[in-house]
Peer 1: 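Right, I'll just put the structure down here and ask away after.
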Amino acid sequence: MTNHYQAKILLNAQARLGEGAIWHPTERKLYWVDIEGKMLHVFDPESGEDKSYDVTERIGTVVPTMAGGAILALQNGIALFDLSTGEMTHKLDPEEHIPGNRFNDGKCDPMGNLWVGSMALDEKDPVGSVYKVKPDFSFEKMISGVTVSNGICWSLDGDVMYYIDSPTRRVVAYDFRMDKASISNPRTVIKVADHMGFPDGMTIDQNGMLWVALWGGAAVGCWNPETGELIRKIEVPAPHVTSCAFGGKNLDKLYITSARQGLSQAQLDNYPHSGDLFVAEVGIRGVEADLFG
């Protein structure tokens with residue numbers, strides 16, 4: 001039995017490709033990005049203000065850092081961004097030899113390392129990889145042969161890393177060794193049915209259940225990774241749902257991003273809120289995001 005919920009419109013953002021939702025635990029703001037709009041956004045639910053920063057290239061994801069500011073995954077590598085000055089400092093580009101790729105989704109593990117994936121701009125071939133970027137900005141390739149690198153998160157005890165390469169329609173679990181921040185033993189734990197669209201961004205709740213944004217599915221699905229069972233579904237009034245993050249004072253609101261990209265004019269007429277920011281009250285709490293550093 002799947003419980004159904006409805007997401008509400010929170011912000012008329014009209015993003016081309018909204019993505020990368022993450023709740024800043026101390027600022028109590030939602031960080032998110034518009035990849036094709038080349039914008040970093042910071043939304044304050046208290047005031048309703050959404051601040052945007054033009055980062056001048058495609059931006060795949062954002063993670064706040066322990067030192068303040070944020071680390072960004074851009075089309076051309078990884079950079080630090082100072083939100084008070086708007087100053088960007090490029091730190092590394094593991095794929096400067098692959099100009100047809102860009103960086104996409106990513107998050108930090110419990111040790112403060114950024115795990116970030118890449119993909120081809122045309123999304124056709126499995127030429128992307130997932131890299132682990134340490135706080136000292138040394139990096140290591142961890143997964144290769146990826147087509148559209150997307151959602152990533154860790155189990156509550158940190159012993160498992162969950163990962164999505166969208167066209168596979170699967171969530172894969174890896175054994176995660178905290179002391180080495182290493183992965184092994186990949187296995188499929190969730191298969192997303194064809195009619196539900198493609199799994200995109202992902203987060204985890206305090207019960208260890210996985211919430212997965214569904215591109216082409218107009219929904220966020222919640223699965224039990226132990227059984228592979230779909231247990232909850234949030235309907236979203238936008239076909240291309242891209243990422244989700246628990247936030248709010250009690251981490252009990254699910255913030256959801258969406259996209260206008262890839263929709264026909266007829267679809268946009270039917271779903272005028274595509275690209276907007278949504279929120280759903282699901283009566284469940286998430287867990288604090290890990291910061292970089």
Side-chain angles (χ1 to χ4, degrees), residues 19-33 40-43 59-74 78-81 83 91-92 103-117 130-140 142-143 149-164 171-184 200-213 225 243-257 284-293:
E19 254 288 4
I22 185 169
W23 181 256
H24 195 303
T26 52
E27 288 182 8
R28 294 193 174 166
K29 291 174 183 171
L30 184 80
Y31 284 47
W32 65 283
V33 304
L40 166 64
H41 290 265
V42 181
F43 177 71
I59 170 171
T61 200
V62 55
V63 180
T65 73
M66 303 280 264
I71 187 165
L72 311 181
L74 301 166
I78 310 302
L80 288 176
F81 190 75
L83 285 91
K91 300 301 283 188
L92 67 149
F103 282 95
N104 200 41
D105 211 348
K107 286 210 178 86
C108 282
D109 66 24
M111 316 302 290
N113 305 298
L114 175 69
W115 290 66
V116 62
V130 176
Y131 299 87
K132 175 178 71 180
V133 180
K134 292 184 178 173
D136 65 1
F137 297 103
S138 62
F139 68 90
E140 187 181 345
M142 305 303 286
I143 305 170
S149 190
N150 252 315
I152 192 165
C153 64
W154 283 263
S155 62
L156 303 182
D157 59 11
D159 285 348
V160 180
M161 185 182 94
Y162 299 105
Y163 174 68
I164 291 168
V171 178
V172 173
Y174 292 82
D175 292 337
F176 187 78
R177 270 195 63 172
M178 202 96 77
D179 57 342
K180 293 185 172 161
S182 64
I183 51 173
S184 60
D200 199 324
M202 171 170 58
T203 192
I204 194 164
D205 69 27
Q206 64 174 9
N207 303 315
M209 302 297 113
L210 297 177
W211 297 74
V212 180
S243 77
C244 53
F246 283 97
K249 198 168 54 192
N250 301 313
L251 291 178
D252 59 355
K253 292 176 177 10
L254 192 72
Y255 293 98
I256 301 163
T257 59
I284 290 162
R285 295 168 85 148
V287 294
E288 262 190 27
D290 292 302
L291 306 187
F292 177 75

Peer 1: According to side chain to side chain contact (heavy atoms under 4.5 Å, CB included), who are the partners of Ile183, at least two apart in sequence or on a separate chain?
Peer 2: Trp115, Met142, Ile143, Met161, Tyr174, Phe176

Peer 1: If the condition is side chain to side chain donor-acceptor pair (under 3.5 Å), which residues does Ser155 pass it with, not counting sequence neighbours?
Peer 2: Asp157

Peer 1: Please round to the nearest 0.5 Å and tell me the distance separating atom CD1 of Ile71 and atom CZ of Phe81.
Peer 2: 13.5 Å

Peer 1: Who passes side chain to side chain donor-acceptor pair (under 3.5 Å) against Arg28, sequence neighbours left out?
Peer 2: none

Peer 1: Which heavy atom of Val62 sits nearest a heavy atom of Ala70, and at what distance?
Peer 2: CG2-CB, 3.7 Å

Peer 1: Rounded to the nearest 0.5 Å, what's the gap from CG on Leu74 to NZ on Lys91? Could you check?
Peer 2: 13.5 Å

Peer 1: List for me each residue that meets salt bridge (Lys or Arg N to Asp or Glu O under 4.0 Å) alongside Lys132, sequence neighbours excluded, and say none if there are none.
Peer 2: Glu140

Peer 1: Which is it for Phe103 and Ser149 under the side-chain contact (heavy atoms from CB on, under 4.5 Å) test, yes or no, and what are the steps along the way?
Peer 2: CA-CA 8 Å; Phe103 282 95; Ser149 190; over 6 Å; no

Peer 1: What heavy-atom pair brings Ala21 and Trp32 nearest, and what distance separates the two atoms?
Peer 2: CA-CB, 4.1 Å

Peer 1: I'd like to check the side chain to side chain contact (heavy atoms under 4.5 Å, CB included) partners of Ser138; sequence neighbours left out, ordered by chain and number.
Peer 2: Lys134, Asp136

Peer 1: Looking at every heavy atom in both Val63 and Gly106, which two are closest together, and how far apart are they?
Peer 2: CG2-O, 4.1 Å

Peer 1: If I take atom CG from residue Leu114 and atom CZ from residue Phe137, how far apart are they, to the nearest 0.5 angstrom?
Peer 2: 9.0 Å

Peer 1: Check salt bridge (Lys or Arg N to Asp or Glu O under 4.0 Å) between Asp159 and all other residues, then give those that pass, not counting sequence neighbours.
Peer 2: none

Peer 1: Identify every side-chain donor-acceptor pair in residues 246-257 under 3.5 Å, counting partners at least two apart or on other chains, and give the distances.
Peer 2:
{"unit_1": "Thr257", "atom_1": "OG1", "unit_2": "Thr242", "atom_2": "OG1", "d": "2.6"}
{"unit_1": "Thr257", "atom_1": "OG1", "unit_2": "Ser243", "atom_2": "N", "d": "3.1"}
{"unit_1": "Thr257", "atom_1": "OG1", "unit_2": "Ser243", "atom_2": "OG", "d": "2.6"}

Peer 1: Do other residues, nucleotides or ligands put more than 12 heavy atoms under 6.0 Å from the CE atom of Met66?
Peer 2: no

Peer 1: For Ser184, give me all partners under side chain to side chain donor-acceptor pair (under 3.5 Å), at least two apart in sequence or on another chain.
Peer 2: none

Peer 1: With sequence neighbours left out, what residues match Tyr31 under side chain to side chain donor-acceptor pair (under 3.5 Å)?
Peer 2: Glu27

Peer 1: Side chain to side chain contact (heavy atoms under 4.5 Å, CB included) with Ala289: which residues, sequence neighbours excluded?
Peer 2: Ile22

Peer 1: Specify the closest pair of heavy atoms between Phe292 and Pro135, including all atoms of both residues, with the distance to one decimal.
Peer 2: CZ-CA, 3.6 Å

Peer 1: Any side-chain heavy atom of Cys108 within less than 4.5 Å of one from Asn113?
Peer 2: no

Peer 1: Please tabulate, one pair per line, all N/O donor-acceptor pairs under 3.5 Å involving side-chain atoms of residues 201-213, not counting sequence neighbours.
Peer 2:
{"unit_1": "Asp205", "atom_1": "OD1", "unit_2": "Asn207", "atom_2": "N", "d": "2.7"}
{"unit_1": "Asp205", "atom_1": "OD1", "unit_2": "Gly208", "atom_2": "N", "d": "3.1"}
{"unit_1": "Asp205", "atom_1": "OD1", "unit_2": "Met209", "atom_2": "N", "d": "3.0"}
{"unit_1": "Asp205", "atom_1": "OD2", "unit_2": "Trp211", "atom_2": "NE1", "d": "2.9"}

Peer 1: Sequence neighbours excluded, which residues qualify as side chain to side chain contact (heavy atoms under 4.5 Å, CB included) partners of Asn150?
Peer 2: Glu19, Asn104, Asp105, Val148, Ile164, Ser166, Asp200

Peer 1: Which atom names give the shortest non-hydrogen contact between Tyr163 and Val130, and what distance separates them?
Peer 2: OH-CG2, 3.3 Å

